[in-house]
Amino acid sequence: MTLKLIKKEDTKVLNAHILSNLNPRQQEAVQYTAGPLLIVAGAGSGKTRVLTYRIAYLINLGVKPERILALTFTNKAAEEMKSRIATLVDKYQAMKVWAGTFHSIFARILRIESNHLGYTSSFSIYDTDDSIRLIKQIVDRSNISLQKLTPQSIQSKISWAKNQMISWQKYAASAQTPFDKFIANVFAEYEKRLRLNNAMDFDDLLLNMIALLKSSEEIKSKYCNRFEHILIDEYQDTNRAQYEALKILSSKHRNICVVGDDAQSIYRWRGAEIRNILDFSKDYSDAKLIRLEQNYRSTKIILEAADSLIAYNKNQIPKKLWTENSKGEKIELFVCEDESEEAEKICSRIKQFVDTGTKLSDIAVFYRTNAQSLPFENELRKANIPYVVIGGMSFYKRKEIKDIIAYLRILINPQDNTSLLRIINEPPRGLGNVSIRHYLDYAENYNIPFLEALGNADEVPNLTHNAKEAGKKFYEMIIKYSELINESLSVDLILEYLEASGLLNMYRELNTDDAIDRLENIEQFVNDIARFIEVNPDGGLNDYLQQITLVSDIDNVDFSSGKISLMTLHSAKGLEYPIVFISGIEEGLLPFSRANQNPDEEEEERRLFYVGITRAQKKLFFSYAKERMRFGSYYSQNPSRFLSEIKKELIDFGEFMNVTNVRKSNQLQINSYSQLADADYYSQLPQTEMTFRVGDVVKHSYFGKGKITGLAGEGDNRRAVVYFPSVGGKKHLMLKYANLEKVPPERNNNYG
DNA sequence: GACCTGCTGATTTTT
DNA sequence: TCAGCAGGTC
């Protein structure tokens, strides 16, 4: 009794302390602990703070931390959340909270319960790249010519369907066109083979979680009872499958607290349904709505710029962000000739900041596509300014690393045919396509894994002596190390295995720059494993492999390091920097070209720009280039329509102020100079040279500059296929009508 | 079966 | 521009 009283008193004190750090709205969000709660949290409104304080508050109230489930979008966010909770409550309590991404938390549960769904606990998790390989195998076998269907596009269609919870059966039933019917067949076979391989793709982690919860009352109540409180960050980016899983998981206690900002929904293309957040109050009619509208991050100018931009979107939850922060400086705009000049200008501005004592880690450069990072990297390297590129070609997606991952996977999941197929002849060991085919046929006939067929080489028909021996030898190596590694995982063992694989020697013998690079990457990878073993002495290879599959680059960035950050606008979500440069604000890039066709996509692109702007705390820069290298040639670019949507009094046009004189309507038009110059230039060209070749750069009166990728037909029927960056795709044009102008090559290549 | 070479298509964004 | 791959040659 006494004990209880003291505890209660402590709780009061502790929670009073927690609440004292919050504004009234935030306090309300933390204290409303019974029933569904929707927190609409604008950019920079202290969303993470509210989530972490809420969890700490719950723990102080006596809720067991292991009964709290916190789902985030990135592992980084989960880690940050955990470490912040650890500063508010006991460290060991904080560690017990189930915090992670949907994918990693569900994978964790699925490993425990795998037998209920017919998988083993060492199932492989396939990333997109693995899925595409598997699809390619299926397609190659089908003997159907793909025409425009690439394995990538099939993968994205299948993934889309799975995100919408459309099974292959449903997909097949509604397939109308031959294309769709073909995809339906691939889809069915793909699902079958995933099972056969004891593997799940990213989407399966969500779908199988739902299947698990529906598999029995017992399991359902086990998890529904366990999670007394569920919190979801970035709710605007959840998809249908995540939504369904949450609905079941929260059905018992109904303590579901979702936090999000519809204005920051940028993953529609991946199946995120903004509707989930817009309809939350419909799904839970008793839901409480709290708006966090005070921004603590940015200056008034930055906030107003963001606000004036996002006002152009129609679909929104009404809200108005405000701040007590100072007005701040205007946004500076850099107009550049091309992407190299853009990098130069930004880099020299960065140097100014550095010279006046700004920390490098306070500065970030954003862009739309990963490909845009290169000129910045070059320029920063020249200037000796340390930087990190976040995202892009992820370390774990490099060929040599994926090969090693496949080597490791097969050790713990002998059913993983896709991984085995990847490495069976890498390095070459005398098992080419023909032999592999025989092994695979045998495996299929006897319904055994590919690996086992290698072990039974003597029984497999049609094989040459060499192919039999090579198969057996490989099989024995795998079995040997699989046993050793399952006994105990050590770096020495891994190294020995990699030597035995022949992979290291292959690169050593090649001894090219590229090979040396790859060897270094492998070394780094082994170090990574060593680090893992050190931190997780009880963890198996299984845990390691899962972790690296579900982790993104951004999770591994050390933000305290003294480096400039370069990243895409997507990666920037959830981060903040005192100084932000947003580059490449051009039509075709931002909004990205495909967005032209669909107002929803345009709105998403606008939100993406909005996310970028609202990352900035003190000072924001915009830049665009008049010409940009794409696919090896220069194309002229126009400033983004979004620039004209931002109140112009917030932007400092600097030396380019005069450009605004060419304004024709009340809409701000900043483009013009390059276009006018170009128009003059082209009109002076002689119009005689009209024979076209593939690879020529041409100009079309409407689509602008493009590159010929194909030619067909004769005479009046002569047609060209032209890639136009402005539309982000190809157009089929009749030369007779298209009036294409040829652009002289020296105009396209003589830069830099 | 391994290796070489010339062609082609890719550039969104990522768990 | 460039990586990955199909197709041909040894």
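Just so we're on the same page: letters track the sequence lines, and every chain starts at 1. What you see is a predicted model, and the numbers here were worked out from it, not measured in a lab. Hydrogens, waters and symmetry mates play no part in the numbers below; they use all other heavy atoms, side chains included.
Distance from the side chain of A/Thr150 is smallest for B/dA10 among the nucleotides B/dT15, B/dA10, B/dT14. Among B/dT13, B/dT11, B/dT15, the nucleotide with an atom closest to any side-chain atom of A/Thr128 is B/dT15. Closest approach to the A/Thr101 side chain among B/dA10, B/dT15, C/dA6 is made by B/dT15 (side chain taken as heavy atoms from C-beta onward).
Defined by atom type and a distance below 3.5 Å, a donor-acceptor pair is missing between the side-chain atoms of A/Asn521 and A/Arg518. Using a 3.5 Å distance cut-off with no hydrogens or angles, the side chains of A/Tyr126 and A/Asp416 do pair a donor with an acceptor.
A tilted orientation is assigned to the rings of A/Tyr267 and A/Trp269, their planes being inclined by 30° to 60°.
Rounded to the nearest Å, the gap between the P atom of B/dT13 and that of C/dG4 is 16 Å.
Residue A/Ser571 places at least one side-chain N or O closer than 4.0 Å to OP1 or OP2 of B/dT14. Here A/Asn370 reaches the OP1 or OP2 of B/dT14: one of its side-chain N or O atoms lies under 4.0 Å away. At least one side-chain nitrogen or oxygen of A/Lys136 sits closer than 4.0 Å to the OP1 or OP2 atom of C/dA6.
Residue A/Phe102 is classed as having no contact, given no heavy-atom separation below 4.0 Å to the nucleic acid.
Where stacking is scored as ring centres under 5.5 Å apart with planes under 30°, A/Phe631 does not register as stacked on the base of C/dT1.
Put simply, the side chain of A/Ser633 and the base of C/dT1 share no donor and acceptor less than 3.5 Å apart.
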Could you pull out the protein-nucleic contacts involving nucleotides 1-7 of chain B (nitrogen or oxygen on both sides, under 3.5 Å)?
| residue | atom | partner | partner atom | Å |
| --- | --- | --- | --- | --- |
| B/dG1 | OP1 | A/Gly432 | N | 3.4 |
| B/dG1 | OP1 | A/Ser435 | OG | 2.2 |
| B/dA2 | OP1 | A/Gly430 | N | 2.8 |
| B/dA2 | OP2 | A/Asn425 | ND2 | 3.0 |

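Aromatic ring centres of A/Phe609 and A/Phe622 lie closer together than 6.0 Å.
As a whole-Å value, the separation of A/Asp600 CG from B/dT13 C1' is 17 Å.
Summarising the geometry of A/Gly271 relative to A/Asn239, their closest heavy-atom pair is O-CB, 3.1 Å, with the distance given to 0.1 Å.
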